[in-house]
Amino acid sequence: MLDLAPKYNPSEVEDKWYSYWMEHKLFHSEPDGREPYCIVIPPPNVTGVLHMGHMLNNTIQDILVRRARMQGKNALWVPGTDHASISTETKVIAKLASEGIKKTDLTREEFLKHAWEWTEKHGGIILQQLRKLGASCDWERTAFTMDPSRSEAVTKVFCDLYDKGLIYRGLRMVNWDPQNRTALSDDEVFFEEEQSKLYYLKYYLAQEPDTLDAPVGSVVHTDAEGRHYAVVATTRPETIMGDTAMCINPKDPKNAWLKGRRVIVPLVGREIPVIEDRYVEIDFGTGCLKVTPAHDKNDYELGKTHNLDTIDMLNEDGTIAEAAGLYVGMDRFDCRKAISEDLAKAGLLEKVEDYVNNVGLSERTKVPIEPRLSLQWFVKMEHFAKISLAPVMDDIIRFVPEKYKNTYRVWLENIKDWCISRQLWWGHRIPAYFYDNGTDEEAFVVAPTPEEALEKAREATGNPDMKMEDLTQDPGALDTWFSSWLWPITLFDGINNPGNPEIDYYYPTATLVTGPDIIFFWVARMIMAGYEYVGKQPFDNVYFTGIVRDKIGRKMSKSLGNSPDPLDLIERFGADGVRMGLMLAAPAGHDIMYDDALVEQGRNFCNKIWNAFRLVKGWEVADTPAPEASRLAVEWFEARLSDTLAEMEDLMGKYRISEALMALYRLFWDEFSSWYLEVVKPAFGSPMDRATYDATLSFFDTLLKMLHPFMPFITEELWQHLYERREGESIMYARLPEPGSFDPAVLSRFEHLKEVVAGIRTIRKQRQIPNKDTLELNVKGAHDATLDAVISKMGNIDVIRAVEEKSPTAAAFIAGAVEYSIPLEGNIDVEAEIAKLEADLKRYTGFLAGVEKKLSNERFVANAPEAVVALERKKQSDAKEKIAAIESALKALKSPSSK
RNA sequence: GGGCGAUUAGCUCAGCUGGUUUAGAGCGUCUGUCUUACAAACAGAGGGUCUGCGGUUCGAAUCCGUAAUCGCCCACCA
């Protein structure tokens, strides 16, 4: 016996093989004459650590890449990381804060120094972790979204889009994150339900009329002194300092008495007009709306329509600004509390109700966002929407699962301009230069370098003496996604150096594997950039993974502590086991409920493969003729292998990876180990004939190749034991065989055989007959003797005899329409046998009745396709035969002679 | 408020354009077995009428309608 441990020990082989692959540069790819197959990694955050989502996502990518490689394609998987502007900057600020340093105390350069240090310290950990998983990335190509080549491209694209009129700068209502003090795009805001309050505030009339001429239906509020007021319901009383109007619906009878009047903002004392707009819902609250154009999107629109003043009363950190006049410097939420108390004291608060509303939160910091009017940079999206819709709808880019096409379409059809500027330092700096000391917001030029900017500024101003010091670069950085959307292009230098051999060869990439949560952020935008800058789709297929949840369906999160550490799992179950376990449970687009039981199954499978190999390699070989049973098993398994190869090809083409893996799992475990190996296994101590041995090794070889994309380490290890091979060779580059043709009858015959053997085993078990004891098998009916040699071996049968009638003392079972029986010493339990047969009889009679009902229906026979009718007739005759066999068995049992 | 998707064995899922057996798999369960590759295993068994209702059809898990439940996306009415 070969010296292999009885259990597979992953830790002994994983690092060894990963080093081997690296040492021989087996992951590296260069353009050549072969068909390319390229995947670009969705770059994880540079300072991130590996979590279960990455495990799933990267396992899928590795499977696809390894499979392509084994199909003879030039496979390339490009790794890299994302600078993750907001996320990283937030982390750096937190780290500095812990050292007592405030961002505002630092210059831009100082801050960036800290950020780079942080990036270098934590950066790339995640890529190291991916190696543990077995990821076959071409590490020589590791990229970073903020390295010089990528940065140059980003700047270039910004300038180009600006020149094309697709980027503009404008004053807009944007989502403002007061913690990070930056603008966010709409996609970076998520909404959460919050228990809040609805405050009803009193707005007194500015001028008390002598007589109030209120129309019918008016709801007029009058206080104890007879003064009139309107009531406004708001969730944000702290914004009243920014009120510049009150708005009613022109068709609202309740508030018609307010038309044309002016009211006084409570506490503030400012007079504001009552305006009318159909935007106001008559039935919400009191039908009166306070209008704060500087701090609400809809109010801003109202302000524009009605020419209202705008009072910006919040600072960028969310505290109350000078312009408010009151509560200056107080935090917005403290102010809400204070103001509601003050309003109550002043008798200006009518009532407070509990209210559930949706609050927009910053995706990164989770703080409530503040709609804020500010000057930002935007990408016009109409053009991009136009060029990117059709390719997905027409399946030039195939989405798996397909349902996301819809999501994509709806988003593009309602697209809004993309706010790309962030008031952050960590990121690509906006290449815009102001030349008027910041006094004129319009006085800027956009250029890739300061030198070119100066040139342009001189031209624009007609002042040839302008100096570099007169230019001020926009302090802002670009949205991270403004670099990510170029990823598949910039990895091959397709912006700086268009038409170069690499971009021509690898682009469009084959498949993008990512989560549906970034379909808008990233997938859609890559498609846009792809068409704009290369004129082609960035990828042919997009595979959307699900979310990894815990076994009761909760998202994995740090706070719940329900997220296992991937490296710990790899330690405990082996990388192959973890990969296998995850993949078994992960159909495309389905969330996966993670449970250790899954990876245990994966580990067990590794062990099964390992032990099957130990068995095979432990055999002695002799030049003897092959036994009949072995010959038949080889013929059968060859067919079975081809069958599964074809099935897997089909499933993988549809990205049904978990099903493909399951097919393979069953092939290896049930068919190969439980049947094939058991049939060909020589008696203890006996050698095996060479023909069967060679066939078995060749089967094993094919199985390892089929398994390799899913389980790279164990397959490489065993493949090495299987053959002598030269240093540098690897199963990674072995060719996956094409499915051969086979006779389906070979498979169906073997399936029947399994039924017969199972029948024999059941009888053995029921009667507690040891496997060692040989038995005689009697056959009544049209038995196909082709596989008798196998039946004999697997059932430990010494004689197979055709009989006219079953012996009265034989235990019987029916397989197909053949009655098999095993003569036994002593009496059989006639009652039990009869009961079992009668249950069968009932079942088949019922089945036959169903079939015959169909066949006797003239309309069925007339309307159904011929093949279907023929099939029903076949079912009918099969059932009849079976029933006849059962009845004859019953009759024999019931006849007095058997008692 | 709008849209999309789901509901099949204890659990996780297949079942593609309606007809291949009155529905399949893996895991789990139950019963035997330490049978020299593997107890992380072997052998055997049980388990669902396809969420409810209605319809179309010769025929429905599969198509249509409807109700319920769940999930996701978009919008965000103060």
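All heavy atoms count here, side chains included; hydrogens, waters and symmetry mates do not. Numbers restart at 1 for each chain; the letters A, B, ... are given by sequence-line order, proteins then strands. Since the model is a prediction, treat every value here as computed from it, not as a measurement.
In the interface, the side chain of A:Arg603 is paired with the base of B:A40 through a donor and an acceptor atom under 3.5 Å apart. Between the side chain of A:Lys608 and the base of B:C38, a donor-acceptor pair under 3.5 Å is found.
Distances shown here put a side-chain N or O of A:Trp669 below 4.0 Å from the OP1 or OP2 atom of B:C42. In this structure, A:Ser674 reaches the B:A43 phosphate: one of its side-chain N or O atoms is under 4.0 Å from OP1 or OP2.
If you check B:G44 for Watson-Crick or wobble pairing at under 3.5 angstrom, you find it paired to B:C30. Nucleotide B:U35 forms no Watson-Crick or G-U wobble pair with any nucleotide shown, as no partner meets the under 3.5 Å limit on both distances. B:C4 is paired with B:G71 under the criterion used here, namely a Watson-Crick or G-U wobble arrangement in which both key atom distances are under 3.5 Å. B:C76: no Watson-Crick or G-U partner with both key distances under 3.5 Å is found in any strand. As the counterpart of B:G18, no nucleotide is assigned, since no Watson-Crick or G-U wobble pattern has both distances under 3.5 Å. Across all strands shown, B:U49 remains unpaired; no Watson-Crick or G-U wobble contact has both distances below 3.5 Å. As the counterpart of B:G54, B:C64 is assigned, both hydrogen-bonding distances of the Watson-Crick or G-U wobble pattern falling under 3.5 Å.
Considering A:Lys874, A:Lys875, A:Lys882 in turn, A:Lys874 is the only one that fulfils the salt bridge (charged side-chain N to carboxylate O under 4.0 Å, His left out) rule with A:Asp878.
Both A:Asn863 and A:Arg656 sit near RNA chain B, but only A:Arg656 has its closest nucleotide nearer the 5' end. Both A:Gly287 and A:Lys654 lie near RNA chain B, and the one whose nearest nucleotide falls closer to the 5' end is A:Lys654.
Under the 6.0 Å cut-off for aromatic ring centres, A:Phe672 and A:Phe699 do not qualify, their centroids lying 6.0 Å or more apart.
Judged by the 6.0 Å and 45° rule, A:Lys351 forms a cation-pi pair with A:Tyr200.
Rounded to whole Å, the distance from CG on A:Asp878 to P on B:U20 is 14 Å.
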